[in-house]
Amino acid sequence: MDAKRTDGRTKIAVVTGAGSGIGRAVAVELLRTGWSVALAGRRAGTLEETAALAADAAAGRAAGGGTEDGTGTAGEGGAVGEALAVRTDVSRPQDVSALFAATVGRFGRVDLLFNNAGTFGPGGVPVEELPYEAWRHVVDTNLNGAFLCAQAAYRQMKEQQPQGGRIINNGSVSAHTPRPLSVAYTTTKHALTGLTKSLSLDGRPYRIAVGQIDIGNAATDMTRRMRTGALQANGETAPEPVMDVADVARTVRHMAELPLEANVQFATVLATAMPYVGRG
């Protein structure tokens, strides 16, 4: 598995939410191993920071003779892939269209979409007190944004030659089991599973492979509160274990670099001791 297609050309990825958290970690992992990546996010400055981090990682690991874990090299000859930063609000159809137009204009095609942009919304708010505007913001970002990006990727992958590509949706363990007081986030993550299944079925004739990664407690700014105390189903507040976000990034790259004849339909990656199995 590598960052080259069968015709020897560099693979092209679009990563949404690439300015922080899981999106940044995945973008850096792809870039440092030779992929060219369109970095999508709302803040141009954080996207440029992601590109710089990838260049630093590739340079450092190439100097050390390979990756941190010894499983490969940092691209060919240590060269980082090319990054393209595109300021994007995934809830806006015109922004998504511009993102994919810019990607194809620069790189010629799209081999991978990591559909990652998302928001938890206001945490700890009871259902009866959740403002409609807050509900709508979470739905627009997590679900409508995911659909818009998947639709744009699907259109491109269907028409390009060689035909096909891969979409990996970022679900959550909340796509299976909710946390207390998370109605908007949990609803959108359950819906994302339906989107993944439907896209996977409809993409078969066009060599479009669609899978989903469900993540639990990766160490990012979004999960910082887990370490100090998170509300549990029994009403208590307790700290929860977290895992290195780099482990998530390596899992996404493994899924991304499979041949299109193979697909990880669903993968769950979580902090080993987090209270998920049996939650509630």
Side-chain angles (χ1 to χ4, degrees), residues 14-18 21-23 26 40-42 88-93 95-97 99-100 112-155 157 165-204 208-218 220 222-223 231 233 248 251-252 255 263-270 276-277 279-280:
V14 174
V15 177
T16 66
I22 292 168
V26 169
R42 295 185 180 186
T88 308
D89 180 344
V90 297
S91 70
R92 296 168 58 89
D95 279 21
V96 173
S97 296
L99 165 64
F100 280 84
L112 171 70
L113 165 65
F114 181 48
N115 220 352
N116 165 76
T119 181
F120 193 82
V125 179
V127 174
E128 68 275 16
E129 297 178 12
L130 183 69
Y132 174 73
E133 293 77 13
W135 164 271
R136 181 63 184 268
H137 174 65
V138 175
V139 172
D140 279 345
T141 303
N142 295 5
L143 181 57
N144 293 343
F147 165 73
L148 289 170
C149 290
Q151 183 183 53
Y154 189 101
R155 286 170 173 160
M157 291 171 180
R166 190 179 305 275
I167 298 169
I168 301 174
N169 291 327
N170 184 357
S172 168
V173 293
S174 289
H176 306 274
T177 304
R179 288 187 176 275
L181 307 180
S182 65
V183 63
Y185 182 79
T186 297
T187 299
T188 58
K189 293 303 183 178
H190 274 68
L192 199 63
T193 298
L195 179 67
T196 297
K197 291 179 177 180
S198 189
L199 290 170
S200 182
L201 178 60
D202 292 345
R204 287 178 187 173
I208 300 172
V210 185
Q212 181 170 312
I213 184 166
D214 295 325
I215 302 162
N217 285 16
T220 67
M222 191 174 180
T223 59
L231 182 63
V248 175
T251 303
V252 172
M255 296 169 70
N263 186 40
V264 177
Q265 188 67 70
F266 291 96
T268 302
V269 184
L270 70 164
Y276 166 65
V277 177
R279 189 158 86 186

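Remember, it's a predicted structure, so these values are computed and weren't measured experimentally.
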Peer 1: If every non-hydrogen atom of A209 is compared with every non-hydrogen atom of N263, which pair is closest and at what distance?
Peer 2: CB-OD1, 3.9 Å
Peer 1: Evaluate the criterion side-chain contact (heavy atoms from CB on, under 4.5 Å) for residue pair L99 and V14; output intermediate values, then yes/no.
Peer 2: CA-CA 9 Å; L99 165 64; V14 174; 3.9 Å; yes
Peer 1: Working to the nearest 0.5 angstrom, can you tell me the gap between R42 CZ and D89 CG?
Peer 2: 4.0 Å
Peer 1: Can you see which heavy atom on V90 is nearest to which on L148, and at what distance?
Peer 2: O-CD1, 3.4 Å
Peer 1: Hey, is the main chain of S172 close enough, under 3.5 Å, to the side chain of D214 for a donor-acceptor pair?
Peer 2: yes
Peer 1: Can you give me the closest heavy-atom contact between C149 and F100, atom names plus distance?
Peer 2: O-CZ, 3.6 Å
Peer 1: Can you check whether H190's main-chain N or O pairs, donor with acceptor, with H176's side chain at less than 3.5 Å?
Peer 2: no
Peer 1: Decide side-chain contact (heavy atoms from CB on, under 4.5 Å) for N144 and S91; before the verdict, give the C-alpha distance in whole Å, the side-chain angles of both, and the deciding distance to 0.1 Å.
Peer 2: CA-CA 6 Å; N144 293 343; S91 70; 5.8 Å; no
Peer 1: Hey, is the main chain of P178 close enough, under 3.5 Å, to the side chain of S182 for a donor-acceptor pair?
Peer 2: no
Peer 1: Quick one: which of T220, L270, I213 gives a side-chain contact (heavy atoms from CB on, under 4.5 Å) with V248?
Peer 2: I213
Peer 1: With rounding to the nearest 0.5 Å, note down the distance linking CG in L199 to CD in Q212.
Peer 2: 10.5 Å
Peer 1: Do L231 and R179 make a side-chain contact, defined as non-hydrogen atoms from C-beta onward lying under 4.5 Å apart?
Peer 2: no
Peer 1: Is there a side-chain contact (heavy atoms from CB on, under 4.5 Å) between Y276 and N217 once you walk through the steps?
Peer 2: CA-CA 10 Å; Y276 166 65; N217 285 16; over 6 Å; no
Peer 1: Look only at the side chain of S200 and the backbone of T196, and say whether a donor-acceptor pair between them is shorter than 3.5 Å.
Peer 2: no
Peer 1: Could you check whether the rings of F120 and Y185 sit parallel, tilted or perpendicular, using 30° and 60° as the cut-offs?
Peer 2: tilted
Peer 1: Flag the pair N169 / F114 as yes when at least one side-chain heavy-atom distance between them is below 4.5 Å, and no otherwise.
Peer 2: no
Peer 1: Are any non-hydrogen side-chain atoms of F266 and T193 less than 4.5 angstrom apart?
Peer 2: yes
Peer 1: So, T16 side chain and A117 main chain: donor-acceptor pair closer than 3.5 Å or not?
Peer 2: yes
Peer 1: Going by the side-chain contact (heavy atoms from CB on, under 4.5 Å) test, name the single residue among I167, L201, I168 that passes it with V210.
Peer 2: I167
Peer 1: Give a yes-or-no answer on whether the side chains of T88 and D95 include a donor-acceptor pair shorter than 3.5 Å.
Peer 2: no
Peer 1: For the backbone of H137 and the side chain of T141, can you confirm whether one donor and one acceptor N or O come within less than 3.5 Å of each other?
Peer 2: yes
Peer 1: Against N170, only a single residue in V15, L192, I22, N115 fulfils side-chain contact (heavy atoms from CB on, under 4.5 Å); can you say which?
Peer 2: I22
Peer 1: Check the side chains of N142 and T188 for a donor-acceptor pair under 3.5 angstrom, ignoring hydrogens and angles.
Peer 2: yes
Peer 1: I need the minimum non-hydrogen distance between D202 and Y154, along with the two atoms involved.
Peer 2: O-OH, 2.8 Å
Peer 1: Minimum heavy-atom separation for N116 to G17, with atom names?
Peer 2: ND2-O, 3.4 Å
Peer 1: Which heavy-atom pair separates G171 from K189 by the least distance, and what is that distance?
Peer 2: O-NZ, 3.5 Å
